[in-house]
Enquirer: 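Below you'll find the structure I mean.
We name chains A, B, ... by the order of the sequence lines, and we start the count at 1 in each one.
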Amino acid sequence: MQLYNTKTRRLEHFTPQDENRVGLYTCGPTVYDYQHIGNYATYIRWDLLVRVLKESGYTVDWVMNITDVGHLTGDVDEGEDKLQKGANREGKTAWDIAEFYTKDFFRNLHDLHVQQPTHTPRATQHIPQQIKLVQALEKRGHTYIIDDGVYFDTATFPAYGELAKLKLDSLQAGARVGVNPQKRSPWDFALWKFTPKGQKRDMEWDSPWGKGFPGWHIECSAMSMEYLGSTLDIHAGGIDHLPVHHVNEIAQSEAATGVPFANYWLHSNHIMIDGAKIAKSDGNGITPHDLSKQGFSPLDLRLLFLQSHYRSSANFSRDALQAAHKRRLALQAFADLRFQLKEGAQLAANDFSDVQAAMLTELQNDLRTPEAFAALSGLVDSAETYLVAPDAKQAFDGFLAFLDRIFGLQLAGSTDITAEQKELIAKREQARGAKDFEHADTYRQELAAQNIELRDTPLGSIWQRR
RNA sequence: GGCAUCGUGGCGGAGUGGUUACGCGAAGGUCUGCAAAACCUUUUACACCGGUUCAAUUCCGGUCGAUGCCUCCA
């Protein structure tokens, strides 16, 4: 398997530390609001990575964190989110808000057929581990304390910023707002923040340095190492995390352990809407729920995101989603041919195995989904024309199972049409044979009313759902 | 201001130094009882200007444009 490693900026052959097991960490959501479709695009892509790794014979330990702490103070009232404001008005706490959005997040992942990660640790449930990691850094002389927290001293970590190829001299620190002037360097970041004097936060814990809460980066290091050890095989995340979050994760992790934090770094690019980044502040933070209300299935969205490569910045639009929806229906119609095997059909077992091999090859080459789908399209077209013979049933079923394993589109999850519907089709065939086209069309219309369309082939009628 | 990335046909989206990506859509046609499907044709595809080359969308340089990051952000 080949993966593009941000660490080296090139395609590399992937080799895990253990022969058959892969330790994968992916940055999860901060649960203070609904996740938009761009967020989910990233999780769908890492789900694909896990699926392809499994298909390649690996066992995958997948850890995805839930950031349920950070900036939720007791009197949050910023941003435009009405529910959050409402929650505050109703006297809810940061804990309630985190719980609400965590549930929403997992429900959406389920609907999008993203597999359940092996572990989904909450930051609030791993405070001791985070404190321990900060203590280790303190012991090794990588920290200093100022009035609002314990900070990581980037000057003590010469490799700081290497992953993102940061040129610290040329970065414009002055553009930042709210920089604590006591920081030794603008790049230093908080490991532990103190609760401001006279304040009481919903979320705060005791620590050796005083009451407070963990910094924004330390949870990922603490929890990934807790479950996967000091060196991860793969650390994946959104491209936006590269220059700050991932750079800081590396610094604090490697400074504490002395060993490489991750062997492979994967970054997914952003989904754009109308050529611009998705941002709630711009009012384009579309959620899967918004699309459901418009009649789209979560699987339409899943297919749309799988059609583009994870490293390119894909553009979302209604038309593109509609196109994906229709493509999915066509794929479903292809899968439903398994209920309509025809004697004399021409598709043979090796037609499926050849395409399966070709698709897997593309996916193992840095998850090249566009090429994999292109390879599939040829077969779908052939199947539509030549149909599938009964003696290819096993191969066909096996192929559909393969498609569901790698793409998660649930193609083999459909059911056959009912006996009544089959009866209608038979009646229509009879009427047609007798050149009673009036009745034949009546039967066809009856089926159409049940969202079933017919097309006639030399081997008989074929139905497909709309 | 600094650092990056990218500009492909109506839309989405791959890829390549010389041959149809693929999907969705539109127009015409063949076929069909009518449809559907399929097939054929059309819808002037690779931002612009130079350069290298027998040959560039594909390499090099420049121009213009778009976007991202530098601040929590998938």
Enquirer: How would you list, by chain and number, every residue that makes a side chain to side chain donor-acceptor pair (under 3.5 Å) with A:Thr369, sequence neighbours excluded?
Expert: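 Applying side chain to side chain donor-acceptor pair (under 3.5 Å) to A:Thr369 gives none.
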Enquirer: Need one value for A:Ser312: base, sugar-phosphate or nothing, where a base atom within 4.0 Å counts as base even if backbone is also close, heavy atoms only.
Expert: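 Sugar-phosphate only.
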Enquirer: Taking the basic N atoms (NZ, or NE/NH1/NH2) and the acidic carboxylate oxygens, is any pair closer than 4.0 Å for A:Asp436 and A:Arg432?
Expert: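 Salt bridge absent between A:Asp436 and A:Arg432.
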Enquirer: Measure distances between side-chain N and O atoms of A:His270 and base N and O atoms of B:rA74, and say whether any donor-acceptor pair falls under 3.5 Å.
Expert: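 Yes, the side chain and the base share a sub-3.5 Å donor-acceptor pair.
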Enquirer: Quick one: does any side-chain atom of A:Glu429 pair with a main-chain N or O of A:Ile425 as donor and acceptor, under 3.5 Å?
Expert: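 Not a single qualifying donor-acceptor pair exists.
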Enquirer: Does B:rA74 have OP1 or OP2 under 4.0 Å away from a side-chain N or O of A:His267?
Expert: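 Result: no.
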Enquirer: Would you kindly give the NE2-to-P distance between A:His217 and B:rU71, to the nearest whole Å?
Expert: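 So the NE2-P distance, A:His217 to B:rU71, works out to 11 Å.
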Enquirer: Just to verify, what does A:Gln410 make a side chain to side chain donor-acceptor pair (under 3.5 Å) with, not counting sequence neighbours?
Expert: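 Testing A:Gln410 for side chain to side chain donor-acceptor pair (under 3.5 Å), a comparison that skips the adjacent residues, returns A:His113.
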Enquirer: Within the 4.0 Å limit for protein heavy atoms, which parts of nucleotides 25-42 of chain B are touched? Write it as a string from 5' to 3', B for base, S for sugar-phosphate only, - for none.
Expert: S-------BBBBSS----
Enquirer: Given Watson-Crick or G-U pairs with both distances under 3.5 Å, what dot-bracket string fits RNA chain B, with | for other-strand pairs and [ ] for crossing?
Expert: (((((((..(((.....[...)))((((((.......))))))...(((((..]....))))))))))))....
Enquirer: How do A:Arg327 and A:Ser317 order along RNA chain B: which one's closest nucleotide is nearer the 5' end?
Expert: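 The answer here is A:Ser317.
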Enquirer: Base, sugar-phosphate alone, or nothing: which one does A:Phe316 contact when heavy atoms must sit under 4.0 Å apart?
Expert: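 Contact class for A:Phe316: none.
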Enquirer: Which salt bridge (charged side-chain N to carboxylate O under 4.0 Å, His left out) pairs, counting each pair once, include a residue from residues 376-387 of chain A, with sequence neighbours left out?
Expert: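 Counting only pairs at least two positions apart or across chains, no salt bridge (charged side-chain N to carboxylate O under 4.0 Å, His left out) contact touches residues 376-387 of chain A.
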Enquirer: Any idea which of B:rG12, B:rC73, B:rA74 is nearest the A:Lys277 side chain?
Expert: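 Output: B:rC73.
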Enquirer: What I want to find out is whether A:Lys422 reaches A:Asp416 closely enough, with some N-O distance under 4.0 Å, to be called a salt bridge.
Expert: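 The answer is yes: the pair qualifies as a salt bridge.
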Enquirer: With sequence neighbours left out, write down each residue that passes side chain to side chain donor-acceptor pair (under 3.5 Å) with A:Trp192, or none if nothing qualifies.
Expert: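 Side chain to side chain donor-acceptor pair (under 3.5 Å) check on A:Trp192 returns A:Ser207.
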Enquirer: Let me see the working for A:Val63 and A:Met223 under side chain to side chain contact (heavy atoms under 4.5 Å, CB included), right down to the final yes or no.
Expert: CA-CA 9 Å; A:Val63 177; A:Met223 297 197 291; 5.6 Å; no
